[in-house]
Amino acid sequence: MIGAAILVNLCVSDLESNVNHNSPRLHWKSGPLLRLQFSNDDDRPGCPPWPTVISNVKHPVFQKLRAAQGRWLRGKEECFIAEGDDQIKSALEAQFPLTHVVTFGMDSFHKLRKKCPNRTEMALLSTGLVNKLYPSGKRPESVALAVVPPLELKRINHSSGIMLVLENIQDPGNLGTMLRSAEAFGTESVVCTFPKLPNGTSSAKRLFSRVAIRASMGSIFRLRLAICNDIQDVLHYCKKHAIPVIASTPCSRSAYLSVNELIREGGINQNRILLAVGNEGRGLSAKALQAASANISIPTASTVESLNVAVACGVLLHEFRKHSSAL
């Protein structure tokens, strides 16, 4: 096998914990500097089989990673981080655009290199910078930098089934779980409404937060997503396209207690609907409730005040899925 040798201008200590000494594609040469020799049996045409090594804290990719780690995204180009091989694979399989994939070890590099398109830059991060990025020591195998995609409501062409609207969900774990349930029960389109924050920070980061991405288990990369600052925009969209709005509410006399009852007595027999789920504490806004064609509730024991919003959303989506042939 013919190999191509490169000399990496780093001390061995910078990379020794990042590289698998038993890698079949990697050969070690002794000396004050680290010499890596890689085989050239590349299965990613046009891309070298060795990674670019990032060791300088001022490197633009490292600077972007640190900026995207912040709680809120700012600037014209909004970016977020996907963490770990599993998240990155889910994004790549869904053809979600990733600008950079940065691995912390050679095993992860070889694993992800087979799946990365040529337009995605790949790099290996030195141990020192990994520790700066994750000072607690708890770190994934790799990270990817992605640009937030267009999230305009007009890009969603909802032709059939259920479109889910989540109004001002505050907990990112709930948000990610609801996205996972949406995909699991056949919902392809999800609209999230977030009010503008007083400091002008982006609503996109609330959707693509680290916790929400993790809780979604990859669903966030596969769904059609949109963001609105006001649910009135969503209601106007539904009126324009003749989509009935079903509001999820706590138990009340005016609410239907099952999807079967909603279809039989509420006259909801169209093949596409919008299911609106509200905030953890306040529920749906008055505007959403007033515009609803019908309300639906989940009957529970009298000793239970309410269900967690993500649990309630999953129950409703499951019920609608069972009756999808009737919609």
Side-chain angles (χ1 to χ4, degrees), residues 17-20 22-26 43-44 47 49 51-52 54 61-62 64-66 68-71 73 78-127 129-131 133-149 171-188 190 192 204-225 310 314:
S17 64
N18 279 339
V19 183
N20 180 1
N22 298 318
S23 172
R25 297 188 179 192
L26 183 63
D43 45 18
R44 189 178 174 224
C47 177
T52 299
I54 299 175
V61 173
F62 181 74
K64 286 183 178 182
L65 288 173
R66 295 195 77 171
Q69 269 191 329
R71 184 173 180 184
L73 291 173
E78 296 183 319
C79 297
F80 67 93
I81 288 180
E83 295 180 310
D85 291 356
D86 290 341
Q87 285 187 17
I88 294 172
K89 283 181 183 178
S90 294
L92 291 171
E93 289 168 0
Q95 298 184 336
F96 198 96
L98 304 179
T99 61
H100 297 83
V101 172
V102 180
T103 66
F104 304 157
M106 290 304 298
D107 281 348
S108 182
F109 171 77
H110 286 309
K111 192 186 302 181
L112 295 175
R113 182 169 63 94
K114 298 176 183 180
K115 295 181 178 294
C116 281
N118 288 341
R119 66 177 180 274
T120 302
E121 296 184 29
M122 295 196 70
L124 180 71
L125 202 62
S126 69
T127 303
L129 293 193
V130 171
N131 292 336
L133 204 60
Y134 293 94
S136 68
K138 187 178 181 180
R139 65 192 193 193
E141 316 94 323
S142 54
V143 294
L145 196 63
V147 176
V148 173
D171 186 282
N174 284 337
L175 179 58
T177 301
M178 294 159 90
L179 296 178
R180 184 179 179 184
S181 295
E183 184 186 25
F185 298 123
T187 298
E188 297 179 352
V190 180
C192 299
K205 182 58 177 178
R206 298 178 68 175
L207 176 57
F208 289 99
S209 71
R210 295 163 72 181
V211 176
I213 295 172
R214 190 182 308 119
S216 79
M217 296 295 289
S219 295
I220 197 168
F221 301 120
R222 295 184 287 267
L223 293 166
R224 292 197 298 261
L225 301 172

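Remember, it's a predicted structure, so these values are computed and weren't measured experimentally. All residue numbers refer to positions in the sequence shown, counting from 1. Computed from heavy atoms alone, side chains included, the values below leave out hydrogens, waters and symmetry copies.
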Inset, instruction - For Ser108 and Gly105, indicate whether the former's side chain and the latter's backbone hold a donor-acceptor pair under 3.5 Å. - result: no
Inset, instruction - Please round to the nearest 0.5 Å and tell me the distance separating atom CD of Gln95 and atom CD of Glu93. - result: 10.5 Å
Legend entry - Leu133 side chain near Arg139 side chain, heavy-atom distance below 4.5 Å: no
Inset, instruction - Answer yes or no: is there a side-chain heavy-atom contact under 4.5 Å between Leu179 and Leu207? - result: yes
Inset, instruction - Nearest 0.5 Å please: distance from the NE2 atom of His100 over to the CD1 atom of Ile81. - result: 12.0 Å
Inset, instruction - To the nearest 0.5 Å, tell me how far Leu125 CG sits from Ile54 CD1. - result: 6.0 Å
Legend entry - Closest heavy-atom pair and its distance - Leu129, Phe62: O-CE1, 3.5 Å
Legend entry - Interatomic spacing from CZ in Arg113 to OG1 in Thr103 - rounded to 0.5 Å: 11.0 Å
Legend entry - Non-hydrogen atoms of Pro97 and Ala146 that approach each other most closely: O-CB, 3.6 Å
Legend entry - 4.5 Å side-chain heavy-atom contact, Phe221 and Leu92: no
Inset, instruction - Check Pro140 against Gly84 and note the closest heavy-atom contact, atom names and distance. - result: CB-N, 3.6 Å
Inset, instruction - Over all heavy atoms of both residues, which pair between Ser142 and Leu112 is shortest? Give the atoms and the distance, please. - result: OG-CD1, 3.6 Å
Inset, instruction - Indicate yes or no: at least one non-hydrogen side-chain atom of Met122 is less than 4.5 angstrom from one of Pro51. - result: no
Inset, instruction - Looking only at non-hydrogen atoms, find the nearest pair between Leu225 and Ile220 and report the distance. - result: CD1-O, 3.5 Å
Legend entry - Reported CD-to-CZ distance for the pair Gln87 and Arg210, which is rounded to 0.5 angstrom: 9.5 Å
Legend entry - Smallest separation among heavy atoms of Leu98 and Thr120, with atom names: O-OG1, 3.0 Å
Inset, instruction - Check for a donor-acceptor pair, side chain of Thr99 on one end and backbone N or O of Leu145 on the other, with a separation under 3.5 Å. - result: yes
Inset, instruction - Classify the ring geometry between Phe80 and Phe96 as parallel (under 30°), tilted (30 to 60°) or perpendicular (over 60°). - result: perpendicular
Inset, instruction - Look up atom CG in Asp85 and atom NZ in Lys111, then write down how far apart they are to the nearest 0.5 Å. - result: 4.5 Å
Inset, instruction - Kindly indicate whether the side chain of Arg214, heavy atoms from C-beta on, has any atom under 4.5 Å from the side chain of Val211. - result: yes
